[in-house]
Each structure stands twice: as C-alpha cells, then as structure tokens.
Undergrad: 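Got a structure for you, written out below as structure tokens; questions coming shortly.
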Amino acid sequence: MIDIKNLRDNIDATSVALLRRGYKLDSEKFKSLDSKRKALQVNVETLQSTRKKLSEEFGKLKASGSDTTSLKEKIDTINSDLKKENELLNSLLESINEYLLDIPNIPDQSTPDGSNENDNVLIRKVGEILSTNTVDHTDLTKKIDTDLASKLAGSRFAVLKGSLAKLQRALISFMLDIAHKNGYEEYYLPYMANKDSLIGTGNLPKFEEDLFKTSENLYLIPTAEVPLTNIYRDILINEDELPIKLTSHTPCFRSEAGSYGRDTKGLIRQHQFEKIELFKISNPSSSMTELDGLLENAEEILKSLELPYQVVQLCAGDIGFSSCKTFDIEVWMPSQNKYREISSCSNFSDFQARRSNIKIKSKDGKQFAHTINGSGLAVGRTLIALLENRYDGTNLIKLPKVLEPYFGSLDLEI
RNA sequence: GGAGAGUUGGCUGAGUGGUCGAAAGCGCCUCCCUGCUAAGGAGGUAACUGGGUAACUGGUUCGAGGGUUCGAAUCCCUCACUCUCCGCCA
C-alpha cells in the first residue's frame, strides 16, 4: 500500500514513477474521490461534534428534571442526517481503499527503466560453465516421477525417490545452516495463512487466483515470506532490535493459473516446491544495504555448490507488485542452454509494512519499517541444477564437497 | 465435538450507561539529585485521522460487525481469535 498523504501531495510525480512499471494511475479519479471525501468528512465530523455537545446537554437537563422534548427533536434530526451522510462517506472511503490496494509499489530510483524481462540488466556472471550435458533432468533419472505424482495428485507435482529425496533433504539442511551462519534465526511456520496475512504481503486481494484456498478459508502459503512477514504484523519494534533476520524452510504452493503450457516438463514449475526464505526487517535508511547483504547471502549458496549463475536486476516493468527493487539470481540450466531464476531478492520498502502495520519505534518517533526478502534458495531448482550441471555422462552425479556432510557421499547414482 | 473464561494504551491490568481515551504499575522521554553507575525525586507520555500556512482545532478507535439509547469500553445479537476443562486423536 502506498502512502495516501504522499499520493495527495505528489500525485503527478507518483503517477510518473508508476508509469515506469507500466501502471497507469487514474489521477483524476483519485482527485475526485478525495475531494468528495474531504467535503463529506468535514460535514460528518461537524454533525458528530454538535451531537456530542447536545447529548451532554440532554443528560444535564434530564438530571435536573427539565423538559427534553425539543432538544430530543434537534438531536433526532442530526442523527438522521448523520446516518445518511455517514453511509455516503463510508462507501466513498471503501472506494478509496480499493483504489489504493490496487496500486503497486513505487519503483526505487535505482530500478532501471524497461517494460519487460528483456530490459533487465545483467549485473554479474559468476562461475564457469563446465557442463556439456544436454539431457533434461527428467531424462537423466527415473527418480523424479511425475507420472506417479499425477496419479496421486495431478499435473505439476513430482515424486522424488530414494537418493533424490535424500538430496533434497540434504540441500534444505545445508541452506538453513548457511543462513544460520549468516545470522538468520530459523523458524518453523504454519503452511497455511489467513486472509489478513495475505493482504499484508500484497498477495490479496489482487492475486487470489494464484493461491490455493482450503475449505476452512485458509490459504496454502505461496512462500514463507507470508508467515515470516506476518510474525511482525501489528507490532511496534524497538529500533535497537534491527535488523531482524529470519529464515525458514517451507513448502510453497502456487496454483500457476495462467501459466498453462509453460515449463510443463520436470521440476521447474510445480504446484508444490520446497524453498528456504531469507527475511529481514530494517530501518528505511539501511534497507538497500540490507538487500545487498541478503543477495550476497543467497549467492553464497550457489558459490559453495559450485553452480554457475548470473545476477540480474529487474527493470521497473518486471518487478513484482509489492517490490521497489529486485535482483534475480539465475542458475545455469544446461539442458535449456540458459539461466533460470532460482532466487528473487527484493526490497519492499514500506509497502508491506504499511499493509501489515509493522512499525519501528525510535527516539525520533514511529515510522513504518522496511521489509526485504529473497529465496536462499528454491530447492527444487537447485536440485535440477546440480543434476544437469554435474552429470558425468554415465550414471553418476558428482556432488560438490560442501554437501558431503549432509548427503553422506559425493556420488549420487541416478 | 461438548462446557466454560476471556480479547482495554508499547506492556501488565482496573474499569457495569454521561464526570472515561480510560486508574494503577512497568517501560519510555525531560529535568533534579548523586564524582561515575545503581537507587531516589518532579513532570511528561495512546494510536489513527480531518481541517488550517501556522498557532490551533475537530473526529474516530477499548477484538470485528450490527443493535438498543439523546448518549456505549460498559447493555443485547452475530462473528473471529485466545485460554481452561472434557472427549477424540498424530
């Protein structure tokens, strides 16, 4: 949610900034709604004030045993006016709120111009591409079984068998340990979240179709970002507790509505996948530095897994709804001959904090916090990258050294 | 699933129709005292929001939503959540 005061005061600048990400702000609609609101609100509040005074008088008259009929008539008139005006005001406020909830975050100045992913900016390439493998991960091994998964659940699910199931578990532990080493506190969280939580992170009301909803009116979490952020919903944080750094491994559930036909093969795009999330709450003044740090923490995992990757900064037209600045980390996928997203690290500035009411208390007063998060990493895609990049051409995957304590061996038979 | 209790400021917690945005304590801020620290003393301290250049001034909020009433933290109804006991259960 963007700041309504800022919108009122700087509507033209806001409109220009939002246009960078392809959002056309209807300024005239806002101006008209807001000026109507202003007039109505003043009117309603004046009526309320008058009624308050008259009611007090009424009480005194009643206490002294005097006649109250004429005063009551006056109050009744005010009350009936008030009722009408209030209904108008409420529906207007509702419209304004809907209008605001629909507006995405304002891109940071450092977010480059551009309209889609083709305009994203390459920041760096890390690691050498050594693999000459062209075989897709699903063709490499029988231990990823999507046919079985579709019998159990349907399309876009996978069953991992034996050593691959174990490798996934090893990766999860490995990533959590790195996060812990870097100062993130590990959390185990609910895999379902209520409506308020999803509104807080910006997934609702606009993106309900992307979510799985249960019969109990709970939603399956699309990412641990949702419960992690909402830990601090309606909380006033003391400045000296910052930055807060949390991590969690959870499965993530996404309906993938609208992605028919894309990435239908293999583990790339699933309704359910495992992810380690890195999450921070920081002071507004240091959130960009914290984003850089978080990105570095995510990159460290790929480096120690010896996987080639690149970092890309998303352009204004490609950043997510709640984000003001995003870096994607993309790992090399030999069979596709291209880099694929394995982590997305974003600064949400105060956009989520305003929706979730997360504030910082300092000497200078209170202000909305900044939230930052990113994957560290998407486990399924990491697994694929290891298979495809480290396939030796026979029936073995040579795992990187760092995984030995977790997997128990450096040879993975496929 | 059954029975009961509860939800009030940054926190704990009093408050059964107007004098309550709300006692008290904790915390926090300012000042005093003490060579430093600890302790002590005085005062201040809810949030959100409207109007106004400002001084200032209005409104809303006691889990949410309705209702009763001239007037609701307080009475009534519905819902959500939390806790306790019983049952069932990993």
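Below, chain A is the first sequence line, B the second, and so on; all start at residue 1.
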Undergrad: Determine which nucleotide pairs with B:A55, using a 3.5 Å limit on both distances of a Watson-Crick or G-U wobble pair.
TA: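 By the stated definition (distances under 3.5 Å), nothing pairs with B:A55.
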Undergrad: Any strand is fair game: report the nucleotide pairing with B:C75 by Watson-Crick or G-U wobble, both distances under 3.5 Å, or none.
TA: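 With both distances under 3.5 Å, B:C75 matches B:G67.
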Undergrad: Can you tell me how far C1' in B:A64 sits from the matching atom in B:U12, rounded to whole Å?
TA: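 24 Å, rounded to whole Å.
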Undergrad: B:A3 and B:C76: how far apart are their C1' atoms, nearest whole angstrom?
TA: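 The answer is 23 Å between these two C1' atoms.
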Undergrad: To the nearest Å, how far apart are A:Asp67 CG and B:C70 P?
TA: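 Rounding to the nearest Å, CG of A:Asp67 and P of B:C70 are 14 Å apart.
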Undergrad: Taking OP1 and OP2 of B:G71, is either one under 4.0 Å from a side-chain nitrogen or oxygen of A:Asn79?
TA: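 Result: yes.
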Undergrad: Atom CZ of A:Arg51 and atom P of B:U60: how far apart are they, to the nearest Å?
TA: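 Computing the A:Arg51:CZ to B:U60:P distance gives 7 Å.
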Undergrad: Any side-chain donor-acceptor pair under 3.5 Å between A:Thr138 and A:Asp136?
TA: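 Yes, a side-chain donor-acceptor pair sits under 3.5 Å.
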Undergrad: With a 3.5 angstrom cut-off on both distances, give the Watson-Crick or G-U wobble partner of B:U19, or none if there isn't one.
TA: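 Base partner found: none.
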Undergrad: Mark yes when over 12 heavy atoms from residues, nucleotides or ligands other than A:Lys166 sit less than 6.0 Å from its NZ; otherwise mark no.
TA: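 Counting neighbours around NZ of A:Lys166, more than 12 heavy atoms of other residues, nucleotides or ligands fall under 6.0 Å, so yes.
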Undergrad: I need the CG-P distance between A:Asp234 and B:C11, as an integer number of Å.
TA: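 In whole Å, B:C11 P lies 10 Å from A:Asp234 CG.
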Undergrad: So what does A:Asn238 hit on the nucleic acid, given a heavy-atom distance under 4.0 Å: a base, only sugar-phosphate, or nothing?
TA: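 No contact at all - A:Asn238 keeps every heavy atom at 4.0 Å or more from the nucleic acid.
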Undergrad: Can a side-chain donor-acceptor contact be found between A:Tyr309 and A:Glu330 if the only test is distance below 3.5 angstrom?
TA: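 Note: A:Glu330 and A:Tyr309 side chains miss the donor-acceptor criterion.
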Undergrad: Shortest non-hydrogen contact from A:Gln270 to A:Ala158?
TA: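 For A:Gln270 versus A:Ala158, the nearest heavy atoms are OE1-N, 3.0 Å.
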Undergrad: At under 4.0 Å between heavy atoms, what does A:Lys366 touch on the DNA or RNA strands: base, sugar-phosphate, or nothing?
TA: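 It contacts sugar-phosphate atoms only.
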Undergrad: Measuring only the C1' atom in each nucleotide, how far is B:C62 from B:A46? A whole number of Å is fine.
TA: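 Approximately 11 Å lies between the C1' atom of B:C62 and that of B:A46.
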Undergrad: Quantified in whole Å, what is the P atom distance between nucleotide B:C28 and nucleotide B:A22?
TA: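 To the nearest whole Å, 23 Å.
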Undergrad: Got a sec, which pairs hit side-chain hydrogen bond (donor to acceptor under 3.5 Å, both in side chains) with one end in residues 141-154 of chain A, sequence neighbours left out?
TA: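 Qualifying pairs, neighbours excluded: A:Lys143-A:Ser163, A:Asp145-A:Lys161.
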Undergrad: Could you say whether A:Glu56 or A:Val44 is positioned toward the 5' end of RNA chain B, judged by the nucleotide with the nearest heavy atom to each?
TA: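 With A:Glu56 and A:Val44 compared, the 5'-side residue is A:Glu56.
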Undergrad: Strictly under 4.0 angstrom, non-hydrogen atoms only: write out the protein contact profile of nucleotides 50-58 of chain B, one letter per nucleotide from the 5' end, B, S or -.
TA: SSS-----B
Undergrad: Applying side-chain hydrogen bond (donor to acceptor under 3.5 Å, both in side chains), name anything that partners A:Ser323, two or more places apart in sequence or on another chain.
TA: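 In terms of side-chain hydrogen bond (donor to acceptor under 3.5 Å, both in side chains), with neighbours along the sequence ignored, A:Ser323 is linked to A:Thr326.
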Undergrad: Between A:Leu82 (CG) and B:C70 (P), how many Å, whole number?
TA: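 For the pair A:Leu82 CG and B:C70 P, the rounded distance is 15 Å.
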Undergrad: Under the ring-ring contact (aromatic ring centres under 6.0 Å, His included) rule, collect the residues that match up with A:Tyr232, sequence neighbours excluded.
TA: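 For A:Tyr232, no residue satisfies ring-ring contact (aromatic ring centres under 6.0 Å, His included) once neighbours in sequence are set aside.
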Undergrad: Respond yes when some side-chain nitrogen or oxygen of A:Lys72 is under 4.0 Å from OP1 or OP2 of B:C70, and no when none is.
TA: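 So the side-chain polar atoms of A:Lys72 do come within 4.0 Å of the phosphate oxygens OP1 or OP2 of B:C70, strictly under.
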Undergrad: Using the P atoms only, state how far B:U60 lies from B:A5, rounded to an integer number of Å.
TA: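 Between the two P atoms, the distance is 33 Å.
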Undergrad: Please give the distance between the C1' atoms of B:G63 and B:C83 as a whole number of Å.
TA: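 B:G63 and B:C83 have their C1' atoms separated by 15 Å.
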Undergrad: Please report the distance separating the C1' of B:C20 from the corresponding atom of B:U74, rounded so that it comes out in whole Å.
TA: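 Roughly 10 Å separates the two C1' atoms.
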Undergrad: Please tabulate, for side-chain N and O atoms in residues 372-388 of chain A, each donor-acceptor pair with protein atoms closer than 3.5 Å (sequence neighbours left out).
TA:
residue: A:Ser375; atom: OG; partner: A:Ser344; partner atom: N; Å: 3.4
residue: A:Arg381; atom: NE; partner: A:Ile268; partner atom: O; Å: 3.0
residue: A:Arg381; atom: NH1; partner: A:Glu341; partner atom: O; Å: 2.8
residue: A:Arg381; atom: NH2; partner: A:Ile268; partner atom: O; Å: 3.0
residue: A:Thr382; atom: OG1; partner: A:Ala378; partner atom: O; Å: 2.6
residue: A:Glu388; atom: OE1; partner: A:Ser335; partner atom: N; Å: 3.0
residue: A:Glu388; atom: OE1; partner: A:Ser335; partner atom: OG; Å: 2.9
residue: A:Glu388; atom: OE2; partner: A:His137; partner atom: N; Å: 2.9
residue: A:Glu388; atom: OE2; partner: A:His137; partner atom: ND1; Å: 3.0
residue: A:Glu388; atom: OE2; partner: A:Ser335; partner atom: OG; Å: 3.1

Undergrad: Is B:A5 paired to anything, Watson-Crick or G-U wobble with both distances less than 3.5 Å, and if yes, which nucleotide?
TA: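 For B:A5, the partner nucleotide comes out as B:U82, under the 3.5 Å rule.
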Undergrad: Taking only distance into account, with no hydrogens and no angle test, what donor-acceptor pairs under 3.5 Å do side-chain atoms of residues 59-67 of chain A form with protein atoms, sequence neighbours excluded?
TA:
residue: A:Ser64; atom: OG; partner: A:Lys60; partner atom: O; Å: 3.4
residue: A:Ser64; atom: OG; partner: A:Leu61; partner atom: O; Å: 3.0
residue: A:Ser64; atom: OG; partner: A:Ser66; partner atom: OG; Å: 2.9
residue: A:Asp67; atom: OD1; partner: A:Thr69; partner atom: OG1; Å: 3.0
residue: A:Asp67; atom: OD2; partner: A:Thr69; partner atom: OG1; Å: 2.8

Undergrad: For atom C1', what is the distance between B:G59 and B:G52, given to the nearest Å?
TA: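 Nearest-Å result for B:G59 against B:G52 at atom C1': 15 Å.
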Undergrad: Give none if B:G43 has no partner; otherwise give the nucleotide forming a Watson-Crick or G-U wobble pair with it, both distances under 3.5 Å.
TA: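 Here B:G43 is engaged in a pair, and the nucleotide opposite it is B:C29.
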Undergrad: Expressed as a whole number of angstroms, how long is the span from A:Gln48:CD to B:A72:C1'?
TA: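 After rounding, the reported distance stands at 15 Å.
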Undergrad: Mind calculating the distance between CG (A:Leu47) and C1' (B:U60) to the nearest angstrom?
TA: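 In whole Å, B:U60 C1' and A:Leu47 CG are 15 Å from each other.
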Undergrad: Separation of A:Leu61 atom CG from B:G18 atom P, in whole Å?
TA: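 Atom CG in A:Leu61 sits about 17 Å away from atom P in B:G18.
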Undergrad: Heavy atoms under 4.0 Å, any strand shown: does A:Lys60 hit a base, just sugar-phosphate, or nothing?
TA: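 If one applies the 4.0 Å heavy-atom cut-off, A:Lys60 turns out to touch nothing in the nucleic acid.
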Undergrad: Provide, to the nearest angstrom, the distance between the NZ atom belonging to A:Lys83 and the P atom belonging to B:C70.
TA: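 Rounded to the whole Å, the gap is 14 Å.
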